[in-house]
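Let me begin by presenting the structure, written as C-alpha cells, before commenting on it.
Counting convention: from 1, in listed order, for ligands and their atoms alike.
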Amino acid sequence: MRNQPIEQYPVMSPSDVRSAIDAAIVQVGASLGRVGENFKHIFSTDGFYETSENDQWTNGFWTGILWFAWQLEQDPLFLKTAMAHVQSFRTRIDERIAVDTHDLGFLYSLSCVAAYKLTGDEFAKETALMAADLLAARFHAKGSFIQAWGAIDKADNYRLIIDCLLNLPLLYWASDVSGNDEYRKKAQAHIETAMDVLLRPDGSTYHTYYFDPDTGEPTKGVTHQGYSADSAWARGQAWGVYGLALSYRYTKKSEYLHLFDVVTQYFLDNLPENLIPYWDFVFNDPSDEMRDSSALAIAICGLLEMIPLLDGPQAARYEAISSRLMKALYTHCAATDPSKSDGLLLHGVYGIKTPFNDCKNHGVDECNLWGDYFYLEALMRMNGSWVSFW
Ligand code: GLY
C-alpha cells in the first residue's frame with residue numbers, strides 16, 4: 001500500500017512531456033520501418049511486435065498512433081500509411097471480417113473517425129457510419145445492452161462487458177454527424193444498464209455481466225480477464241473511468257459525474273507504491289504479480305478527458321493527480337530504446353490465467369497496442385495537440 005498521497009509524488013513537467021513525445025516518435029518510426037503498411041499483432045513478444053492481418057480487436061490502435069504521429073510530425077509517410085489502413089478497414093467491414101464484436105468503436109473511432117476529423121475524408125466517414133450501424137445492431141432491447149462478443153443469436157453470449165464503454169463514442173459521434181438519434185439512445189441505454197449491474201457498493205466493478213435471453217433479467221457477474229468474478233480487474237476499472245468521462249462529455253448527464261468519481265476513487269485508492277497498478281486489484285504491495293501499465297494509461301486519459309468538463313477544486317485535484325500518474329508511467333514504463341523494443345509502453349498484461357477466469361497467459365509483461373495508444377494519447381493531451389477521435 002502507498003505511504004503518501006498521490007499529490008506528493010513528482011509531477012510530469014512540460015519538458016518531460018516533450019522528451020516523452022520525442023522518444024515515442026522514434027519508437028513509432030522504428031516500428032513503421034519494420035511493419036510497413038501491415039498491422040501489428042495485439043502485443044509484443046520479447047519487446048517486438050509481429051505483423052498481423054486486420055482481423056483483431058486491436059488493429060485500430062496502431063492506426064490511431066499513426067494519426068498522432070502525422071499530427072506531430074507532418075511526415076507524409078504516416079498519412080499515407082494511415083489512409084491505407086482506412087481502405088483496409090473498409091474491406092474489413094464490407095467483407096464482414098471479424099466484426100461480430102462490440103470492439104467496432106476501438107477499431108473505427110481510431111481509424112476512420114480519426115481520418116474524417118483530421119482530413120475531412122468522406123469515404124472514411126461513410127465507413128465509420130457503417131461500423132456504427134453494425135454496433136447499434138448488437139443492441140438487445142431485452143436487457144437493454146450491447147452484446148459484447150460473438151454472433152447475436154447465441155444464448156451463451158448474452159452478456160455485456162465494461163470495456164464496451166469505450167465503444168459508445170462511435171454511436172454518439174454517428175448521431176452527431178447523421179442527425180439520427182437512435183445511435184445515441186442505444187449508447188445511453190447501454191451505459192445505464194452496464195453501470196446498474198457492474199458497479200459494486202465499494203466502487204469496484206465486475207468485468208462482464210450475463211442476462212437471461214428470455215426475460216432480459218441480469219443473472220450473474222463473471223470475469224474474463226480478471227483474477228476472479230469478485231475481484232476488480234485493473235483494466236476493467238480503467239475502462240470504467242474513461243468510459244464514464246466520455247459518456248459525460250457526450251450527454252452531460254450529472255449522474256455520470258458521480259459514477260466517474262466513485263469508479264476513479266476506487267482505482268486511485270488501490271494503486272501501489274510506485275503507482276503502476278497490479279493487473280488485478282486483488283493484489284497490492286508487496287507482491288511479485290505483474291503490473292498492467294495499460295490500465296494506468298487508460299485511466300489517465302479518463303482523468304484528462306474529465307478535467308476540462310469540471311470546474312473548481314475537483315478539476316484541480318484531478319489535474320494534480322493525473323500529472324503525477326503520468327510521471328510515474330513515463331518513469332517506470334516508457335520504451336525509449338528501439339533496439340530493445342518497438343512498442344511505446346512496457347510492462348503491460350493482456351491476460352493471465354487463473355483458476356477462476358477463462359483466459360490464457362498472453363502478452364504478459366509486454367507492450368500491447370492499446371497501452372501504446374493511450375500512453376501517446378495522454379501525451380498528446382498534455383502537449384495541447386489533442387484532437388479527440390472518440
Ligand atoms: N478489451 C479487451 C481488453 O481490454 O483486453
Side-chain angles (χ1 to χ4, degrees), residues 39-44 49 52 55-64 98-111 131 135 138 145-150 157 159-170 190-191 194 198 204-209 221-229 231-244 246 263 267 276-281 290-302 343 345 347-354 357-375 377 390:
F39 289 86
K40 294 170 72 172
H41 186 57
I42 306 166
F43 49 82
S44 64
Y49 286 91
S52 142
D55 60 1
Q56 303 292 330
W57 73 274
T58 45
N59 294 92
F61 295 116
W62 176 233
T63 313
V99 289
D100 257 354
T101 171
H102 73 112
D103 291 312
L104 292 155
F106 288 122
L107 293 168
Y108 285 85
S109 294
L110 305 183
S111 58
L135 182 57
R138 299 186 68 76
F145 69 94
I146 292 169
Q147 181 182 317
W149 297 307
N157 253 330
R159 61 159 140 175
L160 60 76
I161 63 172
I162 196 163
D163 322 30
C164 187
L165 300 195
L166 269 283
N167 293 314
L168 304 183
L170 181 65
H190 176 88
I191 191 170
L198 296 174
S204 69
T205 49
Y206 287 106
H207 180 196
T208 105
Y209 220 95
V222 299
T223 198
H224 175 54
Q225 284 152 289
Y227 180 78
S228 67
S231 71
W233 178 44
R235 191 156 72 252
Q237 196 75 16
W239 293 135
V241 171
Y242 197 2
L244 282 160
L246 287 165
V263 171
F267 188 94
I276 312 299
Y278 292 97
W279 66 276
D280 191 295
F281 288 128
M290 290 294 148
R291 315 286 176 143
D292 182 9
S293 56
S294 73
L296 185 56
I298 295 162
I300 291 170
C301 289
L345 192 68
H347 309 309
V349 161
Y350 185 25
I352 291 185
K353 182 169 172 42
T354 76
N357 70 16
D358 56 2
C359 74
K360 303 185 193 126
N361 282 330
H362 44 195
V364 177
D365 198 17
E366 289 288 346
C367 304
N368 54 58
L369 288 174
W370 60 93
D372 291 351
Y373 170 84
F374 287 105
Y375 173 63
E377 180 184 306
W390 299 107

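Below 3.5 Å of separation, one finds an N or O of Gln225 facing an N or O of ligand 1. For Trp233, no nitrogen or oxygen atom sits less than 3.5 Å from a nitrogen or oxygen atom of ligand 1, counting backbone and side chain alike.
Near Tyr350, meaning under 4.0 Å from any of its heavy atoms, are these atoms of ligand 1: 5 (O). Of all the atoms in ligand 1, the ones that sit under 4.0 Å from a non-hydrogen atom of Asp163 are 1 (N), 2 (C), 3 (C), 4 (O).
What sits closest to atom 3 (C) of ligand 1 on the protein, heavy atoms only, is Arg235 NH2, 3.4 Å.
Closest heavy-atom contact between Tyr49 and Ser44: CE2-N, 3.7 Å.
Residues Tyr242 and Glu377 are in side-chain contact: their nearest non-hydrogen atoms beyond the backbone lie under 4.5 Å apart.
Classified by interplanar angle (parallel below 30°, tilted 30° to 60°, perpendicular above 60°), the ring pair Tyr350/Phe43 is tilted.
Of the residues listed (His207, Arg235, Gln237), the one engaging Ile162 in a side chain to side chain contact (heavy atoms under 4.5 Å, CB included) is His207, and it is the only one.
In this structure, a donor-acceptor pair under 3.5 Å is absent between the side chains of Ser109 and Trp390.
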